[in-house]
Amino acid sequence: MTLQIGVIGCGMIGRDHTRRIQQVLTGAKVVALSDVNQANAESVRDDFAPEAMIYATGEALIGSTDVHAVLVTSWGATHEPYVLAAIAAGKPVFCEKPLATTAEGARRIVEAEVAYGKKLVQVGFMRRYDAGYLALKKAVEQHTGAPILVHAAHRNPSVPEAYITPMAIHDTMIHEIDVLRWLLNDDYVSARVLYPRNAARSHTKLRDPQVVILETAKGVLIDVEIFVNCQYGYDIRCEVIGEAGAASLPEPMAIAIRLDAKNQSPILTDWKDRFVASYDVELQDFIVAAAKGSATGPTAWDGYAAAVAADACVQAQESGGDAVAIELSVRPALYN
Ligand code: NAI
Ligand code: ISE
């Protein structure tokens, strides 16, 4: 059976996920598209899915009997109602990060899924599928001994003018929030934010860079540097220090060129290239599970846990360096 997918939100990542479903992955095709800006849906249809129907609203797409499973790739603030509608329709749904822009919103999704009684939601935390992070997790479990410290960095070359301070958490650091919780098999208990002086490309609504310090239930201290206008490239770093040794996320493969008395290797500039293989694997995983009417991978609970930590980090951005507590509600049995 070919899984028939509907995509809501045909911007950058909706376009890229449609391309991979149509051209790279197996077992699925895109049959429906929707976007508040219809020209974006038309452009994705014309480029990748000429047979797809365009729906005036995401709700109409979810309700269509042609659509077996849904991809939500619209702006973060619009994710919650679409995911809730997909659960109400009993359809598997892949939701790009963030699952919701508030912890309450993510909690409502968890409650709806628990009431439905079966996992239908996969959150787009693709780093869990990255070969480098998988190897790092294995090294931590097998070699470094119990983790004590983590040093991480998330650097983007540049962001649009509309990108403001809290987005460094909800839009950007949300990836570290999820992947480090998964890597350490631990939960967060507090967050603090420290700022150095502003980099020159910051503005009144964007403090950049910033350093978030997370503490976990097992007592691990994590520092994450977020620098979204770092200029030189897209650079994701992570080092775990344990009782017996330290392990680092490998650099992406790059050719070293010795030329003109220099030894140089290029650095990527785009998240699409840095995580291209992980996006492929996560969506293939979604297709396989959705074809059986279920979901796998990062759960709505993971999306909720990330949203709670993100809310605390945003609060900590305003707390003058004071720690803000992170508390999860009780985990429903569906997610054990
Ligand atoms: P974008 O701005 O390029 O595209 C978003 C699209 O959604 C636009 O075409 C917009 O018209 C449409 N849209 C907005 N509200 C809508 C609504 N209510 N219903 C239907 N369509 C609507 O944004 P981008 O970069 O594609 O991001 C989309 C989502 O994917 C965000 O949540 C973002 O955080 C996430 N994302 C995840 C990445 C990852 O690494 N996993 C990378 C980039 C984005
Ligand atoms: C973008 O939305 C992503 O998810 C990228 O992975 C991240 O690096 C970037 O900062 C976000 O804006």
Side-chain angles (χ1 to χ4, degrees), residues 6-20 32-45 54-62 70-86 94-101 105-106 122-130 133 152-160 162-164 166-179 206 208-210 224-230 233-237 268-283 286 297-298 303 306-307 310:
V7 178
I8 303 173
C10 302
M12 243 188 317
I13 205 155
R15 157 175 285 274
D16 206 35
H17 284 340
T18 301
R19 174 196 61 77
R20 56 174 47 87
L33 297 161
S34 182
D35 196 296
V36 281
N37 178 351
Q38 190 165 321
N40 288 357
E42 286 166 1
S43 161
V44 171
R45 178 197 60 196
I54 293 184
Y55 289 76
T57 66
E59 287 79 4
L61 177 150
I62 293 167
V70 180
L71 244 62
V72 178
T73 47
S74 47
W75 294 324
T78 69
H79 292 178
E80 182 193 343
Y82 291 137
V83 173
L84 288 173
F94 174 93
C95 179
E96 261 309 335
K97 43 66 53 171
L99 178 61
T101 41
Q122 178 178 341
V123 183
F125 288 134
M126 77 295 177
R127 288 195 191 179
R128 293 182 181 210
Y129 294 88
D130 175 69
Y133 274 108
H154 189 148
R155 299 183 192 139
N156 288 73
S158 63
V159 288
Y163 186 108
I164 55 176
M167 291 172 74
I169 307 295
H170 284 299
D171 196 53
T172 297
M173 190 199 152
I174 194 87
H175 286 296
E176 273 75 18
I177 290 176
D178 177 68
V179 83
L206 175 62
D208 187 49
Q210 49 190 288
V224 183
E225 169 208 313
I226 314 156
F227 193 1
V228 295
N229 272 325
C230 86
Y234 184 69
D235 203 3
I236 303 300
R237 314 182 72 82
L268 294 172
T269 55
D270 192 333
W271 45 263
K272 282 196 227 60
D273 302 324
R274 172 64 180 83
F275 289 108
V276 65
S278 341
Y279 296 120
D280 288 351
V281 185
E282 70 166 355
L283 267 191
F286 174 72

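Each ligand, and each atom within it, is numbered from 1 in the order the structure gives. In this chain, residues are counted from 1 in sequence order.
Salt bridge E176/R127: present, at least one basic N to carboxylate O contact under 4.0 Å.
Contact between F275 and ligand 2 is absent, with no heavy atom of the residue lying under 4.0 Å from the ligand. Under the 4.0 angstrom criterion for non-hydrogen atoms, M167 is not in contact with ligand 2. Using a 4.0 Å heavy-atom cutoff, K97 is listed among the residues neighbouring ligand 2.
Of the possible donor and acceptor atoms, none in the side chain of D35 sits under 3.5 Å from a partner among the backbone N and O of N40. Side-chain atoms of N229 come within 3.5 Å of backbone atoms of V159 as a donor-acceptor pair (strictly under, hydrogens ignored). With H154 contributing its side chain and V224 its backbone, the two residues share no donor-acceptor pair below 3.5 Å. Checked by atom type and distance alone, the side chain of D208 pairs as donor or acceptor with a backbone atom of V228 at under 3.5 Å.
Considering only heavy atoms from C-beta on, M12 comes within 4.5 Å of K272 through its side chain.
Taking OH of Y129 as the reference point, atom CG of D280 lies at 12.5 Å (rounded to 0.5 Å). Of the inter-residue distances, the one linking I169 atom CD1 with Q210 atom CD reads 5.0 Å to the nearest 0.5 angstrom.
Inclusion of Y163 in the set of residues having an N or O under 3.5 Å from an N or O of ligand 2 is not warranted. For ligand 2, the polar-atom distance check against H175 finds a nitrogen or oxygen pair separated by under 3.5 Å. Residue D171 has at least one N or O atom closer than 3.5 Å to an N or O atom of ligand 2.
Nearest heavy atom pair, residue S34 against residue T57, reads OG-C, 3.3 Å.
If you look at N156 next to ligand 2, the close heavy atoms, those under 4.0 Å, all belong to the side chain.
Of the protein's non-hydrogen atoms, T172 OG1, 2.8 Å is the one closest to atom 10 (O) of ligand 2. Here the heavy atom of the protein found nearest to atom 7 (C) of ligand 2 is H154 NE2, 3.5 Å.
Y163 and T172 form a side-chain donor-acceptor contact under 3.5 Å, judged by distance and modelled atom types alone.
Protein residues having at least one heavy atom under 4.0 Å from any atom of ligand 1 are I8, G9, C10, G11, M12, I13, D35, V36, N37, N40, T73, S74, W75, G76, T78, H79, Y82, E96, K97, P98, G124, M126, D171, H175, W271, Y279, listed by chain and number.
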